[in-house]
Amino acid sequence: MKRIKIKDLLQLPPQRQPVLVQGWVRTFRNNQFISINDGSTILTIQAVVALNSIDESALKRITTGACISVKGELVPSPAKGQPVEIKVTSLDILGDCDAEVYPLQPKKHSLEFLREIAHLRARTNTFGAVMRVRHAMAFAVHQFFNERGFFYIHTPIITGSDAEGAGAMFKVTTLDINQPPRNEEGHVNFKEDFFGRETNLTVSGQLEVETYAMALSETYTFGPTFRAENSNTTRHLAEFWMIEPEMAFYDINDNMELAEAFLKYLCQYALNYCSDDLEFLNKRAQEEEMTKPQDQRNELSLIDRLKFVVQNNFERLTYTEAFEILRNSTPNKKKKFQYLIETWGADLQSEHERYLVEKHFKKPVILYNYPKEIKSFYMRQNEDGKTVAAMDVLFPGIGEIIGGSQREERYDQLLKRVEELKLPQKDLWWYLELRKFGSAPHSGFGLGFERLIQFVTGMTNIRDVIPFPRYPGNAEF
Ligand code: 4AD
Ligand code: MG
């Protein structure tokens, strides 16, 4: 007999037809009612064992966490909240689970505790729901771009340069770190390393994907990204996934249009296709809200926040306009910000971004035209000589979810900036050549995939939206 997934089984009319279900026991009550989940949905199916129909020794092995295989008839359920149940005819234990030592008891566990058992946390309702939503969002990302004729480019994970300057990098080497070969000056001789040069894990696929945008026009990359900063926050990982579209013939306004349409599409997709999981996560988030002080609670529920993003235009304003709002804001005047806003050109901190989004505008915000000193060398320089055509999308509860810009497509201007910042020209030669041979105006941005998943699932810590989080001091699983 062929196994049926619980998700599909719940769609069937109960006609006493034989079914085979396999999954993990969530609870077993009164030696009779087994609640089984197989991860195809957040919902469980109840399998009912008739008295004395199953061997006593087999019944003893039905414990929370055990893996079982159940054959039976699909019948209407008299119990509330479930249309159907299985009347068990035979039952096999596929994997025993010693209830005495199984860490996942059927009760509430803290997310911190679950991080310590990352190999088992997938079996909780919360992580099942988060990972199904994560899958749906990855699928929707590709669907969005495919519908618009963008091409998915796989950019390399090992790179030869730190040209992006996005943060500290992880070294990739096969040299013996205890006894590395040295050159005449006594420095490590990377000429003898695997690639004949120093290499690192990528901090962004942007520079490489730009080369393909200069040929295929509309492209994107979606892959793992690594940053070796020591940031222990609820929004930073050392290994995260980033989606980076890069488009020829798009200016900064086209770029903002695309970013807004993209985020709206993803939120709408979740509302359309993840309703069971979102309902669960919505309730979970509401319970978490109740543990916070009244003035720090969200005014909108998780599902309402998703609808809000879909239905409202994002607020667009320049860095300079935002700077003025922040400088004159109550928390700035009352010195409530940790970093006070005083001089134009200062980088905005997460507290400022969240003030703009959550208190001032009460909607997603796109800031653009940032001071050039606080942004990357490749961003297009504006006529004023002070700002670049950068844009950041700021979301409630998250802060920066997207960072991007129009790119400097003029060879002379780009070279000048590379020289001013003393960047290694020998590593950037190919990037500069793009501006020499058929350069085109172009733009792009990066969406942090885990920050998106945080927003869509309402999970407050980024470590709980990726299967195995990598952060300072942690790479156990
Ligand atoms: O603003 P960032 O550093 O931009 C870039 O890397 C550009 N190359 C993107 C581009 O224009 N193609 O990063 C982009 C986004 C951020 O807005 C944030 O959502 C996410 O990546 N991000 C992180 N997410 C998790 N952990 C980290 N340490 C992150 N650093 C950035
Ligand atoms: Mg950024």
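Order of listing sets the numbers, starting from 1, for every ligand and every atom in it.
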Only heavy atoms of [X], strictly under 4.0 Å: list the atoms of ligand 1 that pass.
| X | value |
| --- | --- |
| I402 | 17 (O) |
| L237 | 25 (C), 26 (N), 27 (C), 28 (N) |
| Y378 | 7 (C), 8 (N) |
| G404 | 11 (O) |
| S204 | 6 (O), 8 (N) |
| R235 | 25 (C), 26 (N) |

With no hydrogens and no angle check, do the side chains of [X] and [Y] hold a donor and an acceptor under 3.5 Å apart?
| X | Y | answer |
| --- | --- | --- |
| T173 | D193 | yes |
| N272 | Q268 | yes |
| E244 | S204 | yes |
| T225 | R227 | no |
| T234 | T460 | no |

Shortest heavy-atom approach to [atom] - which of [options]:
| atom | options | answer |
| --- | --- | --- |
| atom 23 (C) of ligand 1 | Y220, Y471, F240, F445 | F240 |
| atom 18 (C) of ligand 1 | E239, M379, E229, R451 | R451 |
| atom 6 (O) of ligand 1 | R227, M391, E450, Q454 | R227 |

**Request:** Compare every heavy atom of C267 with every heavy atom of L306, then report the nearest pair and how far apart it is.
**Result:** CD2-SG, 3.9 Å
**Message:** Give me the atom names and distance for the closest heavy-atom approach of V133 to C274.
**Reply:** CG2-CB, 4.2 Å
Does the plane of the ring in [X] sit parallel, tilted or perpendicular to the ring in [Y]? Use 30° and 60° as the thresholds.
| X | Y | result |
| --- | --- | --- |
| Y319 | W344 | perpendicular |
| F262 | F144 | tilted |
| F455 | F395 | perpendicular |
| Y265 | Y269 | parallel |

**Asked** Is the Mg ion (ligand 2) less than 2.8 Å from an N/O/S atom of D392, whether that atom is in the backbone or a side chain?
**Response** no
**Message:** I'd like to know if M242 contacts ligand 1, where contact means a heavy-atom distance under 4.0 Å to any ligand atom.
**Reply:** yes
**Prompt:** Does even one non-hydrogen atom of R407 get within less than 4.0 Å of ligand 1?
**Reply:** yes
Would one find an N or O of [X], backbone or side chain, under 3.5 Å from an N or O of ligand 1?
| X | answer |
| --- | --- |
| G448 | yes |
| E244 | yes |
| I462 | no |

**Message:** Among the N, O or S atoms of E400, which one sits nearest to the Mg ion (ligand 2)?
**Reply:** OE2
**Asked** Using heavy atoms and a threshold below 4.0 Å, how should the contact between E400 and ligand 1 be classified: side chain, backbone, both, or neither?
**Response** both
**Prompt:** Is ligand 1 under 4.0 Å from a heavy atom in the side chain of I401, in the backbone, in both, or in neither?
**Reply:** backbone
